[in-house]
Every structure is written in C-alpha cells, then in structure tokens.
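Please read the structure below before turning to the comments.
Just so we're on the same page: letters track the sequence lines, and every chain starts at 1.
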Amino acid sequence: MVNPAPKPYSEADVNGGEINVQGINRIFKDTEGKDIVALESVDLKINPGEFISLVGPSGCGKSTLLRLITGLDTPTGGELYLDGDKINGPHHERGLVFQDPTLFPWLNVYDNVASGLAARKILKEKKYEVSEYIHLVGLEGFEKSYPHQLSGGMAQRVALARALVNHPKVLLLDEPLGALDAFTRMQMQDELVRIWQQRGTTMILVTHDVDEAVYLSDRIVIMTPRPGKIQEIMNVSIGRPRSRNHPDFLRLRTKILEKLHFAKENNLSYYI
Amino acid sequence: MSSQAANIEESTSLSPALSEPAIKNKKILDKRIVLILPLIALITDLILHLSLPNKQSFTTTKVYPSLLKAFLAAYLLVLILSFFIKPLFTKLIERAPLLTAVFLFLELWDIVTLKLKLLPLPYFPGPDKVLNSLTADWQLLGVSVLYSLRLLVVGYAIGSILGLTAGILMGWSKKWNYWIGPLLKVIGPIPATAWIPIAMTIFPTSFWASVFLITLAVWFPVTMMTSSGIANVRNAFFEVARTLGADRKYLIFRVAVPAAFPMIFIGLFMGLGASFLTLIVSEMLGVKAGLGWYINWAQGWAEYSKVYAALIVIGVIFSSLITLLFKIKDRVLIWQRGLIKW
Ligand SMILES: Nc1ncnc2c1ncn2[C@@H]1O[C@H](COP(=O)(O)OP(=O)(O)OP(=O)(O)O)[C@@H](O)[C@H]1O
Ligand SMILES: [Mg+2]
C-alpha cells in the first residue's frame, strides 16, 4: 500500500505554519441555557512543521480546539493565529480530516481528491497533483470508484489525499484512524509520518490512542476535562523511525497513561 | 431484475449440492416449457378470433389478426435467437409467463366483447375495433400527441426551473424561506386544476393558461422536495468543503444541490405525475387540441374505441417519459442506489 512518491512535490519545500493559541475560552450553552466550559484559558504554541498530538478523556475539548483552529467555530474569548495572522473563518491553509471521512458521496475518488482544487478554481493548472496524491495514498486504480464502494481505510486515505492536495500549512486530524482495524491503522500511521516528513506540514492530531500519539508526535498535549484545560505538554525525544517496543517508547507510554490516571488501575492501552 | 431472479433460482438449485442431476435436469425441462406458453396463447387467440362467430355487429378487419401474427412472428424470432444468446434466454424464461398473461388477456377481451357481447356497446369495443381506430385515426392522434407534448414540455420545464430556483433559495436562506414558505403552504396544496376557470380568463390563449396550470402543478412538489432536501444536507459536508476553500457558489451548487439530489428527484417525479394529470384535465376543459381534447371529442361522438386508442397512446407516452426521467436519474445518481424503482 505504501508507495514511494513518483517525484518530488512541487511545493514540497513549503514549510508548515505556526499556530498560536492565546488565552482561548469556549463556552457552550446546554439545552437549559447553562454554561458548558469546553475550553478555559488555553495557551498553545505549535511550531512550524511540528507533529503535535492532543490526548485526554472524552469531553475535554480536543475537537473543540481543533474546530477553533480550522475556523469553523469561533472562541468565546482569546485569539488564534496562523503565522501571526488572526484566524477568522475556514481557509484551505488549514486542512481537516475527521474521524468519519465525510467524502462527498456524489463524487468518485478522483473528483473527491480534486474537490479542493476545483473549489479554489485551480484544478486546471494542478491536475497532475490529483493523480500524484492518489498515488501517494496508494489508491491508483480506484479513481473511478464511488465512496460507497470503498473500505473504511480506503475512504480515510481519500480524505487524507483530499486535504493534502490543497497543500495546507497545517493539517488538523480529529481521530482520523479511530475507526480502522489495528493493522490498517499502523499502516496509515507510517504513511502519515512519511507524508509529514516529505511535506513538512504542521500536523495536529487528536487521538485516544496513546501508542499512536507516542509513535507519531514531537510533543503530546495532555488535556483535562470540566473545564477543558491543558494539563501538561510532554516532549517525545525518541529518534525516528520509532519502534513500538523500544524501552524509551514503553516508558513514555506508561508515563502518559499514568498522567491520564489509567495505567495504574488497568492495562488498557487506550481510552475510548 | 431478471438476472436477480435467475441467481436466486440457481442458488436454490445449487444448495443441495450433491442431489442427483436428474432433479436438476427436470428443473431445466420445466423452465423450458414456459417458453411454449406464449406461443400456445397466441395461436389460440388467432384460432378463436378467426373461427368463433361474432356477436358484436362490427365488421371485423384483418388488423387484429395481423397484429397477432406479427406478435407470433416476433416471438418466434426472439425464441430462436434466445437459443444462441444466453442472456436473452434467461430473460425470455423470466418474461414468458407475463407475455402469456398479456396474450390471454387479449383473448379474454376479444371473447367477452366481440365474440360473446357480454359487455354493453358502445362502451366496450373489441380489440380489433380499438386497433382499427388507432390505425385509421393515427394522423389526428399524432397531431394530438404533438400538441400535448408541446404543452407538457413547456409547462414542465418552466415549472421545474421555477421549483428548483425557489427550492434552492428556500433551502439555503432563512430570509427566502420566510417569504416563500407561506406562499408554498397556501398555494401549493390547491390542485392546479382548480385554477382552470381563473387561468382560462386571465391568459390570452388557452395554451398559456394550460402552461400556467402545469407550471403550478410541477412547481409545488419540486420546490417542496428541493428545499427540504437542501435544508437536510449534513452539515459536515459544508464544513469539509469550507476547509477545502469552497466559496458560497461552490457550497450551493457543488455541495448542497448534489447532496439533495435524491430528494430533488422525488420532487421532479411527483411533479411529472402532477403535470400529466393537469395536462389531460386542462385539455379536456379548455384547450382545443391534444390527447385530453381528443378523448373528450371521441366521447362526444360516442366513439369509445377511439377513447381506448387514446388511452393506449397516453399510457405509452407517459410511461416512456417516466422511464426517461429514471434513465436521467440513474445517470446522475450512480453514487446512490435504491431510491424509487420504476
Ligand atoms: N456544539 C456544541 N454545543 C454544546 N456543547 C458542546 C458543543 N460542542 C462541544 N460541546 C461540549 O464541549 C465539551 C467538549 O467537547 P469536545 O467535542 O471538544 O470533546 P472531545 O475532547 O473532542 O471529546 P471526544 O474525545 O469524546 O471526542 C463537551 O462537554 C461537549 O458536550
Ligand atoms: Mg472529539
């Protein structure tokens, strides 16, 4: 499935963007009009080209933070910046991949991948890139297939290619591999690392899988719920390519699980 | 359909995998017998028609027997071809009982009317008489078809364009929904044909009055289904499109409309049905041309065979139009299956 890139990408040297989250609050109202503090005074600086993961129990505001960075949601207080420019509204510089691939069911694989370029009216000039990215995620031969004909892993790879073809400075991934089986999941993790190393895109990944976070990230942001806050940021100073059995890997993994208050009570490797 | 039926039969005969081949053979024999049934039905049709004395006082012509002979020849041709073309063979086996039923119905019709006169004239002419009307009056029928189609196409086109526009506006924007919604709720449920007296006086020609009526009939379901289709598009599609750099035009025409197309299609289908009804009724009541007028005119002369002839023509044309609409749907909606079957 993992194919070498056919040729160096034209914009490969476009470096990732720098994200600055400053004093973000996000308060929702529940049905009775009471406040739900999804995020409270969150500060986070993400370096250009960094791979960062957000982990934490359900409801701690990970998706909320991601949606704020995409610009699909606006904070109640505080500000977000991409390379020093204030974020207000979605932009193709900040790509998004959900857990549910959300492919456009009326478009085939090729047109799904091309949809970003089509929406930006630059498809004609960049047509060759569509095929390049379909190749990159190992889906050539499936260009004419419709989403309902794809497996979950294939659909997720299409979603990834669709986001990547836009050359985002920042790629936001909200549990993109959550629905996949363990084997496909590990394959996709390697693919993510490869794409990230090749492209230098800033990656922000939300995951429930601590192994995944340790395997992929430069830094791991541990969040706590009610109200959603950053508890701690951990550096992952393990050389790449990483091995899941390396003692450093296992040590860090245990440490993070402890922080999440789970390792001691049982051996669950992820929290769902 | 046909291949499905064949598959089911195959799998049932395969499941007792080791049963004697004799049973299998017998099954195939049984299947083949079905192929003879339409032949038998057609030949008895012919013999009975030609040999039994007539009770209805029409002079019979050669038209009906010629039709039966044509059927016979066509069926024999297909039968012979089917021995060489496997898919045709399975299809023919699947269709043979239905064909037999159709031919038996013709026979029943012929006997009950022409031969035994069990049903009163002039309301129930025999097949030969109806066929004669069809062939003898083809010019007037043809002109009527053209008039009807012209009205239908113009009315349906305007109605669906207006319906799509209103539906998209309503589904997309709260403001438009606020203004068009009540109009739709009050005017929509009134059957378009109820406007006939008013339309006939307001419009300069009965043609444009009827176009107006058909437009109204089509507009309602198309608007309704388009707007609710668009309003119910999953928000995630819009969010993804926006992160991909989509502008409003893209969101409406490349996300909302295709996502809503299954619903829009139901609206177009309902609109087509409503347009048929409105067309025929307004032709019967106001327009001096077209198939609706033809039926009325034939009834005025008590020529019921012509009424039946017109009904046959209407059936064929409207059914073809629906088939056409579904063909278009299949093209546009390859990404979705099992909406409504035709
Ligand atoms: N649109 C909304 N309206 C009201 N409350 C919301 C909304 N979105 C999120 N919340 C609330 O904000 C909190 C954080 O939600 P969020 O989806 O960010 O959690 P999460 O960390 O992504 O959880 P999970 O791991 O289960 O996906 C939750 O308590 C949730 O109920
Ligand atoms: Mg979430």
Rounding to 0.5 Å, atoms OG1 (T102(A)) and CG (N235(B)) come to a distance of 11.0 Å
Between the CH2 atom in W335(B) and the CG atom in L107(A), the distance rounded to the nearest 0.5 Å is 9.5 Å
Toward chain B, the part of [X] with a non-hydrogen atom under 4.5 Å:
{"X": "L117(A)", "answer": "neither"}
{"X": "R162(A)", "answer": "both"}
{"X": "D100(A)", "answer": "side chain"}

Nearest atoms (heavy-atom pairs only) where [X] meets [Y]:
{"X": "Y250(B)", "Y": "A118(A)", "value": "CE1-C, 4.2 Å"}
{"X": "I334(B)", "Y": "H148(A)", "value": "O-NE2, 4.0 Å"}
{"X": "R120(A)", "Y": "L244(B)", "value": "CD-O, 3.6 Å"}
{"X": "A246(B)", "Y": "A119(A)", "value": "CA-CB, 3.7 Å"}

Salt bridge or not between D247(B) and K121(A)? Use side-chain N to carboxylate O under 4.0 Å.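 So D247(B) pairs with K121(A) through a salt bridge.
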* Asked: Taking NZ, NE, NH1 and NH2 as the nitrogens, is one of them in R254(B) or D111(A) under 4.0 Å from a carboxylate oxygen of the other?
  ->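 So R254(B) does not pair with D111(A) through a salt bridge.
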F142(A) atom CZ, neighbour heavy-atom count above 12 within 6.0 Å:
no
Within a 6.0 Å radius of atom CE on M154(A), are there more than 12 heavy atoms belonging to other residues, nucleotides or ligands?
yes
Item to complete: Measure the shortest side-chain to side-chain distance between D73(A) and E239(B) over non-hydrogen atoms and say whether it is less than 4.5 angstrom.
Response: no
Heavy-atom side-chain proximity of L72(A) to R242(B) below 4.5 angstrom | yes
So, the part of V332(B) with a heavy atom under 4.5 Å from chain A: the answer is neither
Do the rings of F237(B) and W106(A) sit parallel, tilted or perpendicular, given the 30° and 60° boundaries?
->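 The rings of F237(B) and W106(A) stand perpendicular, inter-plane angle above 60°.
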